[in-house]
Amino acid sequence: KQEVTQIPAALSVPEGENLVLNCSFTDSAIYNLQWFRQDPGKGLTSLLLIQSSQREQTSGRLNASLDKSSGRSTLYIAASQPGDSATYLCAGNSGSARQLTFGSGTQLTVLP
Amino acid sequence: GAVVSQHPSWVICKSGTSVKIECRSLDFQATTMFWYRQFPKQSLMLMATSNEGSKATYEQGVEKDKFLINHASLTLSTLTVTSAHPEDSSFYICSARDLRAGPGTGELFFGEGSRLTVL
């Protein structure tokens, strides 16, 4: 059974810093990995999707990498802004029904 | 991206009543939809996989008679919380994948979630 872990659980940085969020998964037989953002009391916003055949995806200031052999993914946020403050969730797509298994999330606070 | 709509976005009900939550894919068809539950300050936990035209598949520990799932069409899945109790209060989120994307490769799109409060 797929297990997804995210470190750190919480992170606070000053505005402008570059930062890395980490995600690890136990089953390397994933189809893809998604990174999401969740604001308090809200649903999920999909940030990046990395297919199993890819190593990274970029969107604006965000870059996500995937290393299936080591069971790791990272989300890199460049030049962080207060508006980036949210909980970031990674999820691995695996299993017979291709369901997503979520990590516990990293709560990011970017201080102005 | 594709749009998944959930209704209602929030609901308050009395203990013992039943509540139905709808999940619709607005601009694509989905043979499979997923229902998640999220308690405060916790991550999303998969409750069940909803399959169009057949029975849902429930995760271990999720009571199928309490959480009734119906996936009657390629664009609609419903979750009914029967005889709701305060411990069922949670944030329920559905997701769906465009069936044209093929199994396992397509992005999952999420609804905005439905917050249930049982008094």
Side-chain angles (χ1 to χ4, degrees), chain A residues 1-10 21 23-25 27-54 57 59 64 66 68 86-107 109, chain B residues 1-7 9-10 21 23 30-52 54-62 71 90-99 101-115 117:
Chain A
K1 184 179 179 182
Q2 180 73 272
E3 293 182 7
V4 180
T5 304
Q6 289 187 248
I7 295 173
L21 307 181
C23 172
S24 61
F25 46 93
D27 185 359
S28 61
I30 61 172
Y31 299 98
N32 56 50
L33 186 135
Q34 281 184 257
W35 281 91
F36 297 89
R37 168 185 174 139
Q38 185 176 33
D39 293 290
K42 302 293 185 180
L44 302 181
T45 300
S46 180
L47 298 174
L48 290 164
L49 167 69
I50 312 175
Q51 299 290 357
S52 63
S53 58
Q54 299 172 326
Q57 282 287 326
S59 176
L66 175 64
K68 288 180 59 178
T87 296
Y88 290 81
L89 297 160
C90 73
N93 182 344
S94 59
S96 57
R98 315 303 197 257
Q99 67 269 27
L100 284 182
T101 302
F102 282 83
S104 53
T106 294
Q107 185 174 355
T109 302
Chain B
V3 178
V4 174
S5 174
Q6 271 187 251
H7 178 80
S9 56
W10 59 270
I21 300 170
C23 177
T31 54
T32 303
M33 293 185 178
F34 303 95
W35 286 96
Y36 291 84
R37 179 168 54 183
Q38 185 179 35
F39 291 109
K41 298 190 181 301
Q42 295 187 22
S43 191
L44 281 75
M45 297 300 295
L46 180 65
M47 297 176 64
T49 301
S50 171
N51 304 298
E52 188 268 337
S54 63
K55 292 182 179 180
T57 304
Y58 291 82
E59 295 299 300
Q60 190 174 7
V62 178
H71 194 153
S90 186
F91 194 52
Y92 294 87
I93 306 177
C94 72
S95 69
R97 178 183 292 116
D98 191 333
L99 64 84
T105 58
E107 182 177 356
L108 271 175
F109 300 99
F110 283 77
E112 280 295 304
S114 299
R115 185 166 302 283
T117 301

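Remember, predicted model here, so these are calculated numbers, not experimental data. Proteins come first, then strands; the chains are lettered A, B, ... in the order of their sequence lines, and each starts at number 1.
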Test log, rule side chain to side chain contact (heavy atoms under 4.5 Å, CB included), inputs Met33(B) and His71(B): CA-CA 8 Å; Met33(B) 293 185 178; His71(B) 194 153; 3.7 Å; yes

Evaluation steps, side chain to side chain donor-acceptor pair (under 3.5 Å), between Ser114(B) and Gln6(B): CA-CA 7 Å; Ser114(B) 299; Gln6(B) 271 187 251; 3.0 Å; yes

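Residue Gln38(A) touches chain B through its side chain alone, counting heavy-atom pairs closer than 4.5 Å. When heavy atoms are compared at a cutoff of 4.5 Å, Leu100(A) approaches chain B by way of both its backbone and its side chain. Using a 4.5 Å cut-off between heavy atoms, Ile93(B) touches chain A through its side chain atoms alone.
Residues that satisfy the ring-ring contact (aromatic ring centres under 6.0 Å, His included) test with Tyr36(B), not counting sequence neighbours, are Phe102(A), Phe110(B). By the side-chain contact (heavy atoms from CB on, under 4.5 Å) test, Asp39(A) pairs with Arg37(A), Lys42(A), Ala86(A), sequence neighbours left out.
Between chain A and the residues Gly113(B), Ser43(B), Ser9(B), Ser95(B), the largest count of heavy-atom pairs under 4.5 Å involves Ser43(B).
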